[in-house]
Amino acid sequence: MFTLVERLPDETVRLTPLARDDGGILVPGDPTTVASRAFADTVRQRESEATRWVWDDTARWYPQLLDEGVLVERCVDLRLCHAILRASSSTVGSRIHEAPRGPYDGPQAAPVDRTALFVVEPESLPDPLAEFLLQREAVEASPHRGALELLLTAESTGALIAAEMRHRGIPWSVTRHDELLVEALGPRPATGERPTLMNGALSEVRAALNAPELNPDSPTELMRALQRAGLPVASTRQWELKRYEHPAIEPLLRYKKMARLLAANGWGWLDTWVVGGRFRPDYVPAAAATGRWGTSGGGALQLPKAIRGAVVADPDWTLVVADASQLEPRILTALARDPAMARAGAGDLYEGIVASGAVATRAEAKVAMLGAMYGATSGDGGRLMPRLTRAFPRAIAFVEEAARTGERGGVVSTLLGRSSPRPGTDVPPEMAVSVGADGRAWGRFTRNFVVQGTAAEWALCWMGALRRALLARYGSGLSAPHLVFFLHDEVVVHTPAAHAAEVAALVSDAATEAGRLLFGDAPVRFPVTVATVTSYSEAK
DNA sequence: CACTGATGCGCG
DNA sequence: AAAGCGCGCATCAGTG
């Protein structure tokens, strides 16, 4: 039922099967050892037995297997599961709960360059068998075992998906990207030079500010020049600059836009990150405390809308782009079991809030909901809070309770049992300070944690269900539809055009399945907007 | 020179 | 100086 693998100092791999005895206790069987080279074939053979692979860190094992054409259906990622179980309020009293930091608390392994002449596979983290048994002990003794099991499975499957998406890569048109850059910036200049359109904007700025030597990339220099020109700015941020009328402002904002595009996703980025028509970000599951993913290198989760046109399906393939509409407010609705908000969410949730009479416009509904989930105290969000509280008392009480717990220094948890860090532990020092100085900041964090974290769980279940459906329907061959991108509440599937309509239906079905997995038959819908497109920029 | 923190901005 | 959460990255500014 489980096969635990570990890489030994002599570079062989030890496989230990684990099964339950008559009393239901998990017992390790006799280990076998294979040469590192033969490992992929061993996994290929045993996949038919539907075992669950147990390993220290998916990023250390799976890329190599994928390179050798082996797809794994299920796994346990000990590092990711450790982080959940150690902090979870659902494991209080177990040995793993609040254990001191150890080797399983480290960061995800960095990707290895497999094109290198010598590829050295790192040794496993120490004693994975003991770690696994410690984890099982905590899960099986938990009063919330079912939820925890689902969370650990979803988290581990997410790690598989992260490696698979990196392996396949996002289909990227270098030609199209270059065209977009030329359109926005002018032809590619020599390295270190500014493109022509940027130089044009810069000349206008310098003339308008009467500062012929101005370096626009230096905030201090820029701020002084603006002040000399009579603009009492306190910073050089766009939102502040926008408030002033001055001939320098428009070209300056235009310059800043271009500078950002060039620095973040210009030709240098293209050279570094797109190889063989594919962009392969290093996804990092649970990079955020809430369980949200991050990426490392390439900024994949911040792909500006301006260059999404470069994401282009292969010939005769298309992209099925889907995003979960108003995910976080719907998650809050389900968590709080708020019947009024569930009614409002029958169609477009924000229109539903308007129809309930709580606010006047869709824009107000959106700002008010964001304010409720983030803890707005002033501005439009804060102003609308009382009206929202009157219309949806249960939903608002739910986030208020999470906020008060945080303000007291307490721990909150997601639906499935991921718990917030305690103030002062495992958090950046400046956050720890702000808790002492101002508990309200921590309250805003815990308020948002329960919603954002449960939304992340929903998204993991969505992707996991979709992956399973795609594998069952199309298999794992090179011409099968496959996930290529994930962005918090949005997925992109790259598929042969002929399957697009069917894939779109599977994506929607998977969203419904995720809702049922988390919330049973609660009357909350999780609609997804699906678009079948050639290029990512055509979606939405 | 290398490193660190602040600034600014992209995404959800 | 963004009201209000979560991130990553490039660049500048200041320090050792």
Side-chain angles (χ1 to χ4, degrees), chain A residues 192 215-224 232-244 252-253 255-266 268-269 272-273 281-308 323-329 331-332 366-385 399 402-403 406 412 414 420-421 427-431 434 440-456 459 485-491 536 540:
Chain A
N215 171 11
D217 302 319
S218 161
T220 31
E221 221 182 289
L222 182 56
M223 195 155 79
R224 274 188 207 122
V233 291
S235 77
T236 64
R237 297 190 177 102
Q238 318 175 26
W239 67 263
E240 186 176 358
L241 297 179
K242 271 180 195 151
R243 304 191 317 200
Y244 295 97
L252 178 55
L253 292 175
Y255 176 89
K256 278 173 154 284
K257 267 268 177 291
M258 291 190 277
R260 167 76 194 184
L261 178 63
L262 178 68
N265 297 98
W269 182 93
T272 308
W273 292 104
D282 183 19
Y283 293 94
V284 185
T290 54
R292 270 195 176 184
W293 287 18
T295 59
S296 152
L301 300 190
Q302 304 130 261
L303 279 187
K305 302 235 156 115
I307 60 146
R308 292 188 179 184
D323 82 272
S325 316
Q326 304 133 5
L327 179 58
E328 292 196 353
I331 290 289
L332 173 56
K366 190 171 178 175
V367 165
M369 275 311 301
L370 288 176
M373 293 185 299
Y374 294 164
T377 53
S378 62
D380 292 341
R383 185 172 52 76
L384 293 164
M385 279 290 284
V399 285
V412 298
T414 60
S420 62
V427 291
E430 75 276 7
M431 278 299 256
S434 78
R440 298 182 75 86
W442 197 257
R444 287 195 299 274
F445 168 65
T446 53
R447 169 196 295 265
N448 186 247
F449 183 97
V450 293
V451 177
Q452 187 186 112
T454 304
F485 192 50
F486 170 55
L487 185 54
H488 307 315
D489 60 357
E490 183 172 341
V491 298
Y536 192 13
K540 267 204 282 195

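Bear in mind the structure is a predicted one, so any value in this text is a computation, not a measurement. Lettering of chains follows the sequences in order, A, B, ..., and the numbering in each one begins at 1. Atom set for the values below is all heavy atoms of this structure, side chains included, hydrogens, waters and symmetry mates excluded.
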### Query
Given the C1' atoms of C:dA3 and B:dT4, what is the spacing between them in whole Å?
30 Å
### Query
Hey, what do you get for CG (A:L301) to CD (A:E490), rounding to the nearest 0.5 Å?
10.5 Å
### Query
When rounded to the nearest 0.5 angstrom, what distance separates CD in A:Q452 from OG1 in A:T414?
11.5 Å
### Message
Can you measure A:L262 atom CG to B:dG8 atom P for me and round it to whole angstrom units?
### Response
19 Å
### Task
Indicate, with a heavy-atom threshold strictly under 4.0 Å, whether A:L303 touches base, sugar-phosphate, or nothing.
sugar-phosphate
## Note on the structure
Here the distance between atom P of B:dG8 and atom CD of A:Q302, to the nearest Å, is 18 Å
### Task
Return the nearest nucleotide to the side chain of A:P219; candidates are B:dT7, B:dC9, B:dC11.
B:dT7
### Message
So that I can tick it off, tell me whether A:K256 and A:E240 are bridged by a salt bridge, with the cut-off set at under 4.0 angstrom between side-chain N and carboxylate O.
### Response
no
### Query
Does a distance-only test, which skips hydrogens and angles, find a donor-acceptor pair under 3.5 Å between the side chain of A:Q452 and the base of C:dG6?
no
### Task
Between A:A287 and A:S235, name the one whose nearest nucleotide on DNA chain C is closer to the 5' end.
A:S235
### Message
Looking at B:dG8, I'd like to know if its phosphate oxygens (OP1 or OP2) sit under 4.0 Å from a side-chain N or O belonging to A:T236.
### Response
yes
#### Entry: Residue A:Q238, side-chain atoms from C-beta onward, closest of B:dC9, C:dG6, C:dA1
B:dC9
### Query
Which part of the nucleic acid does A:T290 contact within heavy-atom distance under 4.0 Å: base, sugar-phosphate only, or nothing?
nothing
### Query
Considering only side-chain heavy atoms of A:E490, which listed nucleotide, C:dA3, B:dG12, C:dC5, is closest?
B:dG12
### Message
Does A:A288 reach a base, just sugar-phosphate, or nothing at all? Heavy atoms under 4.0 Å.
### Response
sugar-phosphate
### Task
Compare side-chain N and O positions of A:T220 against OP1 and OP2 of C:dA13 and report whether any pair is under 4.0 Å apart.
yes
### Query
At under 4.0 Å between heavy atoms, what does A:R383 touch on the DNA or RNA strands: base, sugar-phosphate, or nothing?
nothing
### Task
Have a look at A:A263 and say if it touches a base, only the backbone sugar-phosphate, or nothing, with a 4.0 Å heavy-atom cut-off.
sugar-phosphate
#### Entry: Side chain to side chain, A:N265 and A:W273, heavy atoms closer than 4.5 Å
no
### Residue-phosphate contact under 4.0 Å: A:K256 side-chain N/O, B:dG10 OP1/OP2
no
### Query
Rounded to the nearest Å, what distance is computed from the CE atom of residue A:M223 to the P atom of nucleotide B:dG8?
8 Å
### Query
Are A:D282 and A:T295 close enough that some pair of their side-chain heavy atoms sits under 4.5 Å apart?
no
### Task
Side-chain contact test, heavy atoms from C-beta onward, threshold under 4.5 Å: evaluate it for A:I307 versus A:L261 and give yes or no.
yes
### Message
Measuring only between side-chain heavy atoms, which start at C-beta, is A:V399 closer than 4.5 Å to A:V451?
### Response
yes
### Task
For A:L487, answer base if it contacts any base atom (sugar-phosphate contacts may also be present), sugar-phosphate if it contacts only those atoms, and nothing otherwise; contact means non-hydrogen atoms under 4.0 Å.
sugar-phosphate
### Query
For A:G382, which contact category applies under a 4.0 Å heavy-atom criterion: base, sugar-phosphate, or nothing?
nothing
### Summary
Applying the Watson-Crick and G-U criteria (both distances under 3.5 angstrom) with [ ] for crossing and | for other-strand pairs, one obtains for DNA chain C ....||||||||||||
### Task
Would you mind telling me which of C:dG8, B:dC11, C:dC5 lies closest to the side-chain atoms of A:N448?
C:dC5
### Task
Would you kindly compare A:L370 and A:W269 by the position of their nearest DNA chain C nucleotide and give the one closer to the 5′ end?
A:L370
### Query
Hey, does the side chain of A:S218 come within less than 4.0 Å of C:dA13's phosphate (OP1/OP2), counting only N and O?
yes
### Query
Can you tell me how far the CG atom of A:D489 sits from the CZ atom of A:R292, to the nearest 0.5 Å?
7.5 Å
### Message
Can you see if the side chain of A:K257 gets near the phosphate of B:dG10 - specifically, an N or O under 4.0 Å from OP1 or OP2?
### Response
yes
### Task
Describe the nucleic acid contact of A:R292 in one word from base, sugar-phosphate, nothing, applying a heavy-atom distance below 4.0 Å.
base
### Message
Does any part of the side chain of A:L332, heavy atoms only, come nearer than 4.5 Å to the side chain of A:V450, both counted from C-beta?
### Response
no
### Task
Give A:G381 one of three labels, base, sugar-phosphate or nothing, depending on what nucleic acid heavy atoms sit under 4.0 Å from its own.
nothing
